[in-house]
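Index from 1, following the sequence.
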Amino acid sequence: MGEKLLVIDEGTTSTRAMLFAPDGTLLASRSAELAQHYPAPGLVEHDAAEIWEKTLGCAVAMVEAAGGADRIAAIGITNQRETIVFWDKATGEPLAPAIVWQDRRSAAICRELKEAGEEPGVQARTGLLLDPYFSGTKIAWAMANWPQLREAGDRLAIGTVESWLVWKLTANEKRGGLHITDATNASRTLLMGLGSGGWSDGLIDLFGAPRAALAEIVDCAGRFGETTLFGGPIPICGMAGDQQAATIGQACLSPGDTKATFGTGAFVLTNAGERQPASKHRLLSTVLWQLGGRRTYAIEGSVFVAGSVVKWLRDSLGLIESAGETEVLARSVPDNGGVYFVPALTGLGAPWWEPEARGAISGLSLASTRAHVVRAALEAMAHQSHDLKAAFAADGADWSSLRIDGGMVANDWIAQDLADVLDLTVERPDFTETTALGAAMLAGVGYGLFAGLDEAAAMRGKVERFAPGMKVEARDARLAGWKAAVEGVMA
């Protein structure tokens with residue numbers, strides 16, 4: 001058996017397979033875009049069959065690049081979290097569209113449960129809030145509105161995306177697939193007790209989730225099963241939701257270590273150690289990883305729109321032709337010209353948690369240009385991050401530095417703006433695809449290539465640092481304008 005690690009990185013707008021050497025070197029990569037479907041305002045869906053077909057195609061290409069299945073030690077999987085898939089255990093085919101994490105269709109359910117006084121109890125048990133973002137509310141909506149799910153009875157399987165992929169990887173003509181979910185993804189469903197690490201009967205009843213349809217919760221590293229789809233057996237040895245995987249890939253292995261991923265959304269996680277944290281400022285408590293049945297936790301702040309705003313500027317408004325233009329445009333003007341962009345295109349996440357908020361561009365004048373609008377969109381990354389930093393600090397988990405990754409931070413202007421507005425050193429690894437790297441680290445640990453995550457952290461490699469350089473007066477003015485813009489949206 002070889003030592004190469006095959007990672008499946010299934011994201012919101014694309015799916016990829018990547019091949020790593022044990023030292024962290026990326027040997028090969030293949031990606032494919034995924035279609036997002038918007039059947040009505042606030043609704044976001046995926047075709048789970050497309051996710052599987054394109055993921056399989058990418059993985060096949062990587063097995064060929066490796067020289068065959070016998071050259072691959074293990075598979076690691078990381079995935080868009082909270083997106084929920086419904087399928088038939090007998091046929092292995094989807095029974096309904098996958099409801100994406102960005103989807104807001106369960107807002108009314110959340111509102112009713114809040115009005116009934118359920119949120120404090122839910123937060124105490126899960127570390128999460130009542131918001132359409134989380135899988136449990138999506139399951140509640142689907143079971144009430146899609147009769148084919150109820151009609152499936154015992155054939156119904158429900159799982160997050162890694163669960164779906166493991167099922168498809170391990171199923172064959174003689175039997176169904178392995179139905180498992182790792183603890184990080186399970187902790188995002190509103191159905192798992194954060195302290196117990198198991199499904200909660202009370203929460204399952206609250207959201208009307210069929211218990212028999214849920215997966216078994218397992219560690220993030222271990223020998224979970226194997227796939228024989230690639231010409232020989234390959235064990236599946238690592239699993240984690242994308243933000244937890246990125247935190248691991250950034251080597252945030254000690255309490256207080258903090259990373260921010262700027263992908264489709266923006267997600268900040270601070271390692272909280274083995275004691276379950278509780279936020280009083282509307283941040284989330286979540287499982288960072290589980291190994292040997294022991295959980296390490298994180299405090300998390302979630303922003304729903306980050307890189308997707310650039311895609312929106314390109315595809316919906318036509319202000320840019322490519323993401324690469326944004327840095328040039330941002331640098332072409334000395335400041336935002338009084339323009340602020342609150343990118344609440346799918347509601348506002350932490351620390352506001354207002355699912356029905358809508359985006360706004362304010363401060364426009366005859367002097368405003370597309371460069372000002374684009375710059376304001378990029379500035380929103382630092383503004384939203386500053387709001388999160390304040391909430392983390394109020395919870396006693398202030399950041400001393402910030403490790404960043406994700407597609408957006410290849411833009412040097414954004415990295416420097418984060419350092420300036422947050423007034424702290426920002427650290428960016430040379431290899432920014434840390435989500436996939438974290439999945440590779442977990443797979444290596446699960447297979448036995450590494451004794452633990454500390455040893456696997458050598459895969460991270462070199463980093464670049466950005467030091468703050470903005471004057472206090474300029475920072476305060478920026479943040480005052482942002483505060484007014486957000487208050488306008490909330491009103």
Asker: Could you tell me which non-hydrogen atom of P277 sits nearest to which non-hydrogen atom of A272, and how far apart they are?
Answerer: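 Taking P277 first and A272 second, the nearest heavy atoms are CG-CB, 3.9 Å.
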Asker: Take T435 and D9 through the test side chain to side chain donor-acceptor pair (under 3.5 Å) and record every step on the way to the result.
Answerer: CA-CA 8 Å; T435 301; D9 181 358; 5.2 Å; no
Asker: Checking T78 against E10 for the side-chain contact (heavy atoms from CB on, under 4.5 Å) test, could you report, in this order, the C-alpha distance in whole Å, the side-chain angles of both residues, the deciding distance, and whether it holds?
Answerer: CA-CA 6 Å; T78 183; E10 199 292 312; over 6 Å; no
Asker: Decide, yes or no, whether a salt bridge links R104 with D131 under the criterion of side-chain N to carboxylate O below 4.0 Å.
Answerer: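 Here R104 pairs with D131 in a salt bridge, since their nearest N and O are under 4.0 Å apart.
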Asker: Is the backbone N or O of L27 less than 3.5 Å from a side-chain atom of T25, with the two atoms forming a donor-acceptor pair by type?
Answerer: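 No: the side chain of T25 does not pair with the backbone of L27.
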Asker: Can you tell me how far the CD atom of E162 sits from the CZ atom of R81, to the nearest 0.5 Å?
Answerer: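 Here the interatomic distance stands at 11.5 Å.
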Asker: State which residues pass salt bridge (Lys or Arg N to Asp or Glu O under 4.0 Å) with E226; sequence neighbours excluded, sorted by chain then number.
Answerer: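 Testing E226 for salt bridge (Lys or Arg N to Asp or Glu O under 4.0 Å), a comparison that skips the adjacent residues, returns none.
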Asker: Closest approach of M18 and F431, non-hydrogen atoms and distance?
Answerer: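 For M18 versus F431, the nearest heavy atoms are CE-CZ, 4.1 Å.
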Asker: Determine whether Q36 and T13 make a side-chain contact, defined as any pair of heavy atoms from C-beta on separated by less than 4.5 Å.
Answerer: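 In contact.
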Asker: For S163 versus A215, what's the shortest heavy-atom pair and its separation?
Answerer: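 So the minimum-distance heavy-atom pair works out to OG-CB, 3.6 Å.
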Asker: Run the ring-centre check on W164 versus W52 and record whether the distance is less than 6.0 Å.
Answerer: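 No.
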Asker: For the side chain of T170 and the backbone of L178, is there at least one donor-acceptor N/O pair under 3.5 Å apart?
Answerer: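 Checking the backbone N and O of L178 against the side chain of T170, a donor-acceptor pair under 3.5 Å is found.
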Asker: Mind checking whether I77 and V7 have side chains closer than 4.5 Å, heavy atoms only?
Answerer: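 A side-chain contact under 4.5 Å is absent here.
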Asker: State whether the side chain of N271 and the backbone N or O of C252 hold a donor-acceptor pair below 3.5 Å, judged by distance alone.
Answerer: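 It does hold such a pair.
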Asker: Could you state the interatomic distance from OG1 (T181) to CD1 (I158), rounded to the nearest 0.5 Å?
Answerer: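 Interatomic distance, T181 OG1 to I158 CD1, rounded to 0.5 Å: 12.5 Å.
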Asker: Any side-chain heavy-atom pair from K259 and I404 closer than 4.5 angstrom?
Answerer: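 The answer is no, as the side chains (C-beta and beyond) never meet within the 4.5 Å cut-off.
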Asker: Can you list the steps and then say if T261 with D405 is a side chain to side chain donor-acceptor pair (under 3.5 Å)?
Answerer: CA-CA 5 Å; T261 295; D405 55 62; 2.5 Å; yes
Asker: Give the C-alpha distance, both sets of side-chain angles, the deciding distance and a yes or no for side-chain contact (heavy atoms from CB on, under 4.5 Å) between R223 and Y447.
Answerer: CA-CA 7 Å; R223 295 198 176 216; Y447 182 73; 3.1 Å; yes
Asker: Would you indicate whether the side-chain heavy atoms of M143 and L156 approach each other to under 4.5 Å?
Answerer: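 When only atoms from C-beta onward are counted, M143 and L156 do touch, with a gap below 4.5 Å.
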Asker: With the threshold set at 4.0 Å, does a side-chain nitrogen-carboxylate oxygen contact exist between R294 and E274?
Answerer: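 E274 and R294: salt-bridged.
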Asker: After noting the C-alpha distance and the side-chain angles of V63 and L6, does the key distance pass the side-chain contact (heavy atoms from CB on, under 4.5 Å) rule?
Answerer: CA-CA 8 Å; V63 173; L6 172 59; 4.1 Å; yes
Asker: What pair of heavy atoms forms the shortest contact from L269 to A298, and how long is it?
Answerer: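 What the structure gives for the nearest pair is CD2-CB, 4.0 Å.
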Asker: Please answer whether the main-chain N or O of K4 pairs with a side-chain N or O of R71 as donor and acceptor at a distance below 3.5 Å.
Answerer: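 Answer holds: no.
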Asker: In Å, rounded to the nearest 0.5 Å, how long is the span from OG of S308 to CE of M408?
Answerer: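 Nearest 0.5 Å value for the OG-CE distance: 8.5 Å.
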Asker: What is the distance from atom NZ of K389 to atom OG1 of T270, rounded to the nearest 0.5 Å?
Answerer: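 One finds 10.5 Å between NZ of K389 and OG1 of T270.
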Asker: Crowded around D315 CG? As in, over 12 foreign heavy atoms under 6.0 Å?
Answerer: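 Yes, because the 6.0 Å sphere around CG of D315 holds more than 12 heavy atoms from other groups.
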Asker: With a 4.5 Å limit on heavy-atom distance, are the side chains of M239 and V218 in contact?
Answerer: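 Heavy-atom side-chain distance check passes, below 4.5 Å.
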Asker: Does the distance from a Lys or Arg side-chain N to an Asp or Glu carboxylate O, for R188 and E300, drop under 4.0 Å?
Answerer: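 The answer is yes: the pair qualifies as a salt bridge.
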Asker: Going through the checks in order, is the side-chain contact (heavy atoms from CB on, under 4.5 Å) test met by D257 and R403?
Answerer: CA-CA 8 Å; D257 291 346; R403 304 175 189 184; 3.9 Å; yes
Asker: Determine the minimum heavy-atom distance between I72 and A66, stating which atoms define it.
Answerer: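 That would be CG1-CB, 3.9 Å.
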Asker: Check whether any side-chain heavy atom of H46 sits under 4.5 Å from a side-chain heavy atom of I51, and report yes or no.
Answerer: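 Touching, per the 4.5 Å side-chain cut-off.
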Asker: Tell me if the aromatic rings of W101 and F267 count as close, with their centers under 6.0 Å from one another.
Answerer: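 Close enough - the centres of the two rings lie under 6.0 Å apart.
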Asker: Taking D103 for its side chain and V44 for its backbone only, find out whether a donor-acceptor pair lies under 3.5 Å.
Answerer: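 Here the side-chain-to-backbone pair exists.
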Asker: Taking K168 first and then E53, would you say they form a salt bridge - that is, a charged N and a carboxylate O separated by under 4.0 Å?
Answerer: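 Salt bridge between K168 and E53, a charged N being under 4.0 Å from a carboxylate O: no.
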Asker: For R314, does the CZ atom have more than 12 heavy-atom neighbours from other residues, nucleotides or ligands under 6.0 Å away?
Answerer: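 Correct, the count exceeds 12.
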Asker: Can any side-chain N or O of D395 pair as donor or acceptor with the backbone N or O of A397 at less than 3.5 Å?
Answerer: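 Judged by distance alone, no pair lies under 3.5 Å.
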Asker: Between S200 (side chain only) and L203 (backbone N and O only), is there a donor and an acceptor less than 3.5 Å apart?
Answerer: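 Confirmed, S200 side chain pairs with L203 backbone.
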Asker: Determine the sole option in D242, T83, N79 for which the side chain to side chain donor-acceptor pair (under 3.5 Å) test with N185 is passed.
Answerer: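 Only match with N185 under side chain to side chain donor-acceptor pair (under 3.5 Å): N79.
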Asker: With distance as the sole criterion, is a donor-acceptor pair present between the side chains of S135 and T189 under 3.5 Å?
Answerer: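 There is no such pair between these side chains.
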Asker: Strictly distance-based, threshold 3.5 Å: is any side-chain N or O of D219 a donor or acceptor partner for the main-chain N or O of G293?
Answerer: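 Yes, because the side chain of D219 sits within donor-acceptor range (under 3.5 Å) of the backbone of G293.
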Asker: Using a strict 4.0 Å threshold on nitrogen-to-oxygen distance, state whether E119 and R282 make a salt bridge.
Answerer: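 Counted as a salt bridge, because a side-chain N and a carboxylate O are separated by less than 4.0 Å.
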Asker: Main chain of L442, side chain of W289: is a donor-acceptor contact present, judged purely on distance under 3.5 Å?
Answerer: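 Looks like no, no N/O pair under 3.5 Å.
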Asker: Are R16 and E433 close enough for a salt bridge, meaning some N to O gap below 4.0 Å?
Answerer: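 Salt bridge: yes.
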Asker: Is the shortest distance from a Lys or Arg side-chain nitrogen in E118 or K114 to a carboxylate oxygen in the other one below 4.0 Å?
Answerer: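 No.
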Asker: For atom NZ of K311, decide whether the heavy atoms of other residues, nucleotides or ligands shown that lie under 6.0 angstrom number more than 12.
Answerer: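 No, not enclosed.
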Asker: Would you say K54's side chain and E33's backbone share a donor-acceptor pair under 3.5 angstrom?
Answerer: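 Present.
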Asker: Give me the atom names and distance for the closest heavy-atom approach of F224 to G238.
Answerer: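 Smallest heavy-atom distance, with atoms named: CE1-N, 3.8 Å.
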Asker: Report the distance from atom CZ of R125 to atom OG of S196, rounding to the nearest 0.5 Å.
Answerer: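 Going from the CZ atom of R125 to the OG atom of S196 covers 11.0 Å.
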Asker: What I'd like to find out is whether the side chain of M381 reaches to under 4.5 Å of the side chain of F262, using heavy atoms alone.
Answerer: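 Yes, close enough: below the 4.5 Å cut-off.
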Asker: CH2 of W146: more than 12 outside heavy atoms within 6.0 angstrom?
Answerer: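 Check passes, neighbour count above 12.
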Asker: Side chains of Y133 and L190, heavy atoms from C-beta outward: is any pair under 4.5 Å?
Answerer: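 They are not in side-chain contact.
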Asker: Testing the 3.5 Å rule here: is there a donor-acceptor pair between the side chains of R295 and Q276?
Answerer: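 R295 vs Q276: no donor-acceptor pair found between side chains.
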Asker: Find the distance between CH2 (W141) and CZ (R105) and round it off to the nearest 0.5 Å.
Answerer: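 Reported value, rounded in 0.5 Å steps: 4.5 Å.
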Asker: Would you tell me whether S31 and S14 have side-chain atoms, one donor and one acceptor, within less than 3.5 Å of each other?
Answerer: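 Side-chain D/A pair, S31 to S14: absent.
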